[in-house]
Amino acid sequence: MALDELKSAIPDFAKDLKLNLGSVIGNSDLPQQQLWGTVLACAIASRSPKVLKELEPEARENLKPEAYQAAKSAAAIMAMNNVFYRTRHLLSDPEYGTLRAGLRMNVIGNPGVEKVDFELWSLAVSAINGCGQCLDSHEQVLRQSGLDRATIQEAVKIAAVIQAVGVTLDAEAVLAEQA
């Protein structure tokens, strides 16, 4: 199991991450598609080759092809949107908020899976990328769709742990090269 491989690669000083990784993925109450779509989208968003290499095969195995593609689409579109909307929000000139975005985002309207799943994956990626405006927007859609806060928080926990594991393993790889 790739998850076990990933956990075994986590150094002792980050034992909490190892435990949390097993917990947020192995003990999740999310339905399989929501869970593994979140895992895949977050593995991509983490930008960690090791994390993606280890988690992608299991995600592919647990997702239907259309959900696999949609999770990758969520990571891709949010990579663009998180930069755009976070920047617009952070600029002190409010006029930027009135300008037309002019960016194609068709996949959001037709992701190929249940909208709530795509929104959950987009929220998780937005957590990694730190876009408050996108987080608020996706959280509101999820809440209006009937998802409870605990379910939304579950996706955020997955995002947090996957990101932390990626940062830790990538840093260790660099340090090992210097040793």
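Counting from 1, the numbers follow the sequence of the chain as shown.
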List in chain and number order the residues that pass salt bridge (charged side-chain N to carboxylate O under 4.0 Å, His left out) with R47, two or more places apart in sequence or in another chain; answer none if no residue qualifies.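 Residues passing salt bridge (charged side-chain N to carboxylate O under 4.0 Å, His left out) with R47: none at all.
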According to salt bridge (charged side-chain N to carboxylate O under 4.0 Å, His left out), who are the partners of K64, at least two apart in sequence or on a separate chain?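 Expected list: none.
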How does the hydrophobic cluster around L91 look, that is, which other residues are in it when side-chain heavy atoms under 4.5 Å mark a link?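 Answer for L91: Y96, L99.
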Residue pair Y85 / C134: nearest heavy atoms and the distance that separates them: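 Closest approach of Y85 to C134: CB-SG, 3.9 Å.
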What is the distance from atom [atom1] of [X] to atom [atom2] of [Y], rounded to the nearest 0.5 Å?
X   : Y    : atom1 : atom2 : answer
S48 : Q163 : OG    : CD    : 8.5 Å
W36 : I158 : CH2   : CD1   : 9.0 Å
N20 : I162 : CG    : CD1   : 12.0 Å
L52 : C42  : CG    : SG    : 11.5 Å
M80 : M78  : CE    : CE    : 8.5 Å

Surrounding CD of E114 (heavy atoms of other residues, nucleotides or ligands, distance under 6.0 Å), is the total greater than 12?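 Atom CD in E114 is not packed in, count stays at 12 or less.
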Is there a side-chain contact between [X] and [Y], using heavy atoms and a 4.5 Å cut-off?
X    : Y    : answer
Y68  : E56  : yes
E154 : K157 : yes
S73  : W121 : no
E139 : D136 : no
H138 : I152 : no
N129 : V83  : no

Pair K115, S145 - check side-chain contact (heavy atoms from CB on, under 4.5 Å), show working. CA-CA 9 Å; K115 182 125 173 90; S145 298; over 6 Å; no
side-chain contact (heavy atoms from CB on, under 4.5 Å) between L35 and N62, intermediate numbers included: CA-CA 9 Å; L35 170 64; N62 284 285; over 6 Å; no
S28 (side chain) donor-acceptor with I25 (main chain) under 3.5 angstrom: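 No; judged by distance alone, with no hydrogens or angles, the pair does not exist.
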Look only at the side chain of S23 and the backbone of L19, and say whether a donor-acceptor pair between them is shorter than 3.5 Å.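 Flag not set: sc S23 to bb L19 has no pair under 3.5 Å.
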With side-chain contact (heavy atoms from CB on, under 4.5 Å) as the criterion, how do I108 and N81 come out once you've worked through the C-alpha distance, each side chain's angles and the decisive distance to 0.1 Å? CA-CA 11 Å; I108 293 173; N81 284 359; 3.6 Å; yes
Taking it one step at a time, do H89 and R86 satisfy side-chain contact (heavy atoms from CB on, under 4.5 Å)? CA-CA 5 Å; H89 175 74; R86 181 180 63 235; 5.7 Å; no
Exactly one of V125, L103, V107 should register a side chain to side chain contact (heavy atoms under 4.5 Å, CB included) with I77. Which one does?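 For I77, the side chain to side chain contact (heavy atoms under 4.5 Å, CB included) test succeeds with only one of V125, L103, V107, which is V107.
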Side chains of D148 and T151, donor plus acceptor under 3.5 Å: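 There is such a pair (donor and acceptor under 3.5 Å, judged by atom type) between the side chains of D148 and T151.
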